[in-house]
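Following: one structure in structure tokens, then a few remarks.
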Amino acid sequence: MSVPGFVSSAARSFSFPCPGSRLLCRLLGPACVTSRMSSERQMDHLERTANNSRQDALFPAQVCGITSESETVKRLRIAAHPDFSFKAGQWVDFFIPGVETVGGFSMCSSPGLLQREGIVELAVKYSKHPPARWIHSTCTVGSQVAMRVGGDFFFDPSPSDPAVDLLLVAGGVGINPLYSILLHSTDLLRLSHAPGGRGYNLGRVHLCYSAKSAEDLLYKGAIVEACRQFPDTLSCDLRVTQQSTDVEPHLQPFLSRGRVTEEGLRPHVDPQRTLCFLCGPPPMIEAVSKSLMDEGLPKDRILFEKWW
């Protein structure tokens, strides 16, 4: 795949520090925190992530599918360059021809899908931010883009790593990196169960995901199906805060009303085994982090990404 001309020109338009050495966030290593907090002056993606690790390579890519995940969220299927790679939970710098602003979007697919099909998926909520607006108003199948991987918020275990229990807590579109981690976990479970497969020491995985309504719960069907496929390992608590109508019967066993609570998280917190990934609005992250530490979970086992 040849590199489109806009890739090199776009790359020259921006400058940001490149770390001298690759920061690897190992499974049980130091906590890696990405802060994307709102401020009076709206910082762009490159400013917000200037201190985060990112790959040097910028790869061309092509949009090969577009679907509506909800009324406000579009999901892109993107054919990636053969050398493109990422870890579950990471994001991309997203370069668009003719759009000066660089987008920042978390992958909502697993590294396994990339390995099997050469596909990366992004789910983007509509906003007036130029990259998001382009995706909702201009992007078509066949559109050429470019992507560069970054982020210190990811789950990438090795078969030799000790078992941990994952607690994934998402608010709104903060589900994207956590859904990638959930999908990666299911891929690893399938590998472990396959004849001659590599064994991974996976513990239990629990997802607590909050949105305004069932309509806003992205990927809910796939999440429920994964929990039914691996009932001894995967579980979820889908929460709605402003639901005014009944929900579909197949969701009812997995759905609760109201915000995420300390009582709801408590059964899934073991200070010795739990590793927690949080992604969502800053107030939610701060409240949940405090609740988890009150339950005895060490601060370095709480990894988070705050979205503006």
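- For the residue pair Ser291 / Asp294, no side-chain donor-acceptor distance below 3.5 Å is found, with atom types taken as modelled.
- Proximity of Leu182 to Leu234: side-chain heavy atoms (C-beta onward) are separated by under 4.5 Å at one or more points.
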Criterion side-chain contact (heavy atoms from CB on, under 4.5 Å) on Ile119 and Ser109, from CA distance to verdict
CA-CA 8 Å; Ile119 296 295; Ser109 55; over 6 Å; no
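- Of the possible polar contacts, one joining the His136 side chain to the Val124 backbone as a donor-acceptor pair under 3.5 Å is found.
- Rounding to the nearest 0.5 Å gives a distance of 11.5 Å between CD1 of Ile175 and NZ of Lys220.
- Partner Cys276 forms a side chain to side chain contact (heavy atoms under 4.5 Å, CB included) with one of Leu166, Leu167, Asp165, Leu168 and no other, that one being Leu167.
- Side chains of Gln242 and Arg257: a donor-acceptor N/O pair is absent below 3.5 angstrom, by distance only.
- Taking the side chain to side chain contact (heavy atoms under 4.5 Å, CB included) definition, one finds that Ser210 meets it with Arg239, Thr241, Val260, sequence neighbours left out.
- Below 30°, between 30° and 60°, or above 60°: for Phe94 and Phe105 the angle between ring planes is above 60°, a perpendicular geometry.
- The pair Arg77-Glu117 meets the salt-bridge criterion, with a side-chain N (NZ, NE, NH1 or NH2) lying under 4.0 Å from an Asp/Glu carboxylate O.
- For Ser158 (side chain) and Ser160 (main-chain N/O), no donor-acceptor pair under 3.5 Å exists by modelled atom type.
- A donor-acceptor contact closer than 3.5 angstrom links the side chains of His206 and Ser235.
- The pair Glu69-Lys74 does not meet the salt-bridge criterion, since no charged nitrogen lies less than 4.0 angstrom from a carboxylate oxygen.
- Between Phe155 and Phe277, the ring planes are perpendicular. Angles over 60° get that label, and only those under 30° would be called parallel.
- In the hydrophobic cluster analysis, where Ile, Leu, Val, Met, Phe, Trp and Tyr join through side-chain heavy atoms closer than 4.5 angstrom, Tyr126 is grouped apart from Leu76.
- Without hydrogens or angle criteria, His81 side chain to Pro60 main chain gives no donor-acceptor distance under 3.5 Å.
- Without hydrogens or angle criteria, Arg266 side chain to Glu295 main chain gives no donor-acceptor distance under 3.5 Å.
- Side chains of Ser127 and Arg133: no donor on one and acceptor on the other come within 3.5 Å.
- A donor-acceptor pair under 3.5 Å is formed between the side chain of Gln243 and the backbone N or O of Ala214.
- Although no hydrogens or angles enter the test, the distance criterion places a donor-acceptor pair under 3.5 Å between the side chain of Gln55 and the main chain of Ser85.
- Taking the centre of each ring, Phe153 and Phe304 stay at or above the 6.0 Å mark.
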Report the C-alpha distance between Leu113 and Leu183 in whole Å, list the side-chain angles of each, state the deciding distance to 0.1 Å, and finish with yes or no for side-chain contact (heavy atoms from CB on, under 4.5 Å).
CA-CA 9 Å; Leu113 180 66; Leu183 292 176; over 6 Å; no
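- A 4.5 Å side-chain heavy-atom check between Leu297 and Asp270 finds every atom pair outside the cut-off.
- When atom types are taken as modelled, the side chain of Thr274 and the backbone of Pro271 share no donor-acceptor pair closer than 3.5 angstrom.
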